[in-house]
Amino acid sequence: MSVLSAPRPGTLPQLLGTSRPLSWINTAYPFAAAYLLAGGGVDAALLVGTVFFLVPYNLLMYGVNDVFDHESDLRNPRKGGVEGIVLDRRVHRTTLWAAGLGSLPFVVALLVLGSLASGAVLLVVLAAVVGYSAPGIRLKERPGLDSLTSAVHFVGPAAFGLVLADSPVGATAVAALSAFLLWGMASHALGAVQDIRPDREAGIGSIATVMGATRTVRLVLCLYAAAGVLMMVTGWPAALAGLLVLPYLASAWPFRSLSDADSERAHAAWRRFLRLNLLSGFLLTQLLLVIALTG
């Protein structure tokens, strides 16, 4: 049964689905880890920030995207599950209100709990989240900026956590954040490859629709490799995190000569990417524990 003819779930299930529960940890974890590693305590800022980046932030990020990408999503065969639902038009307005009002109290609290610097970082991150999909801005349709902005969605919470903890940001932290940014750009570009055909049919420009599948995948490989190399300058044992890019390189490598006509085949790499994130998150947690205990 197609997404067009399948019975539509109620409003609450659709709001939950559009927030991508599988991805909640991808934004909450970087914030909490960065905040604690930078010297922040188990306090109100940690609690409010973690809850915000766990659910409301993801509803804002993905909900706004799903509303304004509706036409493309209708043409996308992978939509309708953990990789994103097709929102019923009747809940579009509700989704936008829920995303905005659900985030507002957390944002206000974090602005109050933080400094001018942390507030500025938070506002930049939120601007990137909304600007990625919102009409009139649509950074997701500006090749290159789409991958950069998408990466900020995930690096931003970590950067905010560091600044919120009011700890000096040294060269090691800058290198780690930069490597994270490159990894995020690569991951976004890889995800865009599988959507080349539905995006072109919907008139949506992306790094992949402009560069084509082959060149985009090769750029993905370069970005992953650069992220790994950059982590090497962070010193022992943090440099070990650079090895985490190797499975991502291995997963994308078979698609380095993929044609646009076969771009949907990159979905296999994307499915592996989702699983690799769980493994990488576990290994990174162990490494962070070692750093915390020996630092």
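Any value given below was found using the heavy atoms of this structure, including those in side chains, with hydrogens, waters and symmetry copies removed. As the structure is a prediction and not an experimental result, all values here were calculated from the model.
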Residue pair G102 / P56: nearest heavy atoms and the distance that separates them: O-CB, 3.7 Å
Distance-only side-chain donor-acceptor flag, R272 / S251, under 3.5 Å: yes
Candidate pair Y35 and T50, rule side chain to side chain donor-acceptor pair (under 3.5 Å), full reasoning: CA-CA 10 Å; Y35 183 76; T50 301; over 6 Å; no
Polar side-chain atom of R218 near backbone of R256 as donor-acceptor pair, under 3.5 Å: yes
Minimum side-chain heavy-atom gap L230-F180 below 4.5 Å: no
Hydrophobic cluster membership, V55 vs L96, 4.5 Å side-chain cutoff: no
Side-chain (T209) to main-chain (G205) donor-acceptor, under 3.5 angstrom: no
Linked, directly or transitively: L111 and F160 (ILVMFWY side chains, under 4.5 Å): yes
Pairwise distance CG(L126) to CG(L60) - rounded to 0.5 angstrom: 6.5 Å
D262, CG atom: more than 12 neighbouring heavy atoms under 6.0 Å: yes
Least distance between heavy atoms, A38 atom then A165 atom: CB-CB, 3.7 Å
Minimal non-hydrogen separation, V51 against F106, with atom names: CG1-CE2, 3.6 Å
Aromatic plane relationship, F31 with F53 - under 30° parallel, 30 to 60° tilted, over 60° perpendicular: tilted
Any side-chain heavy-atom pair of V125 and V155 under 4.5 Å: no
Heavy-atom check, side chain of R20 versus side chain of N65, under 4.5 Å: yes
Any H188 side-chain heavy atom under 4.5 Å of K140 side chain: no
Selection residues 225-237 - residue pairs positive for side-chain hydrogen bond (donor to acceptor under 3.5 Å, both in side chains), sequence neighbours left out: none
Atom pair CZ/CD1 of R215 and I207 - distance to nearest 0.5 Å: 10.0 Å
side-chain contact (heavy atoms from CB on, under 4.5 Å) partners of L16, counting only residues at least two apart: S19, P21, W24
Transitive ILVMFWY side-chain link M61 to I137, under 4.5 Å: yes
V163, L113, D166, L123 screened by side-chain contact (heavy atoms from CB on, under 4.5 Å) with S118, the one that passes: V163
Residue pairs passing the side-chain hydrogen bond (donor to acceptor under 3.5 Å, both in side chains) test where at least one lies in residues 223-233, sequence neighbours excluded: S187-Y224
T214 (side chain) donor-acceptor with L258 (main chain) under 3.5 angstrom: yes
Point-to-point distance, once rounded to the nearest 0.5 Å, from CG of L181 to CG of L148: 5.5 Å
Step-by-step side chain to side chain contact (heavy atoms under 4.5 Å, CB included) determination, F68 to V64: CA-CA 6 Å; F68 295 112; V64 173; 3.8 Å; yes
Spatial distance of atom OG1 (T172) from atom CG (L177) [nearest 0.5 Å]: 11.0 Å
Residue pair S263 / F255, side-chain heavy-atom distance below 4.5 Å: no
Heavy-atom pair with the smallest gap, counting every atom of T18 and L15: CG2-O, 3.2 Å
Summary of salt bridge (charged side-chain N to carboxylate O under 4.0 Å, His left out) pairs that have at least one residue in residues 111-139, sequence neighbours excluded: D69-R138, R138-E141
Residues which pass ring pair (Phe, Tyr, Trp, His ring centres under 6.0 Å) with Y29, listed by chain and number, not counting sequence neighbours: none
pair L274-W270: side-chain heavy atoms closer than 4.5 Å: yes
Between T95 and D66: side-chain donor-acceptor atoms closer than 3.5 Å: no
Results of ring pair (Phe, Tyr, Trp, His ring centres under 6.0 Å) for F52 - residues two or more places apart only: Y57
Nearest-0.5 Å distance that lies between atom CG in L219 and atom CG in L190: 11.0 Å
L101 atom CG, neighbour heavy-atom count above 12 within 6.0 Å: yes
Side chain proximity check, L279 to P247, heavy atoms < 4.5 angstrom: no
CA sep, side-chain torsions, deciding dist, call: D260, R200, salt bridge (charged side-chain N to carboxylate O under 4.0 Å, His left out): CA-CA 11 Å; D260 288 9; R200 282 178 175 164; 3.0 Å; yes
Common cluster, L145/V210, ILVMFWY with side-chain heavy-atom separation under 4.5 Å: no
Shared hydrophobic cluster for Y62 and L59 (ILVMFWY, side-chain gaps under 4.5 Å): no
Beyond-backbone contact of F154 with W183, side-chain heavy atoms, under 4.5 angstrom: no
Smallest separation among heavy atoms of A252 and V220, with atom names: CB-CG1, 4.4 Å
Polar side-chain atom of T285 near backbone of G281 as donor-acceptor pair, under 3.5 Å: yes
Rounded distance (nearest 0.5 Å) linking atom CD of E201 with atom CG of D195: 11.0 Å
Distance-only polar pair, side chains of S206 and R142, donor-acceptor under 3.5 Å: no
Full working for side chain to side chain contact (heavy atoms under 4.5 Å, CB included) between L54 and T27: CA-CA 6 Å; L54 190 69; T27 47; over 6 Å; no
Result of checking L110, V108, V107 against V48 for side-chain contact (heavy atoms from CB on, under 4.5 Å): L110
Main-chain N/O of G191 paired with Q194 side-chain donor or acceptor, under 3.5 Å: yes
L164 versus A45, closest heavy-atom pair with distance: CD2-CB, 4.0 Å
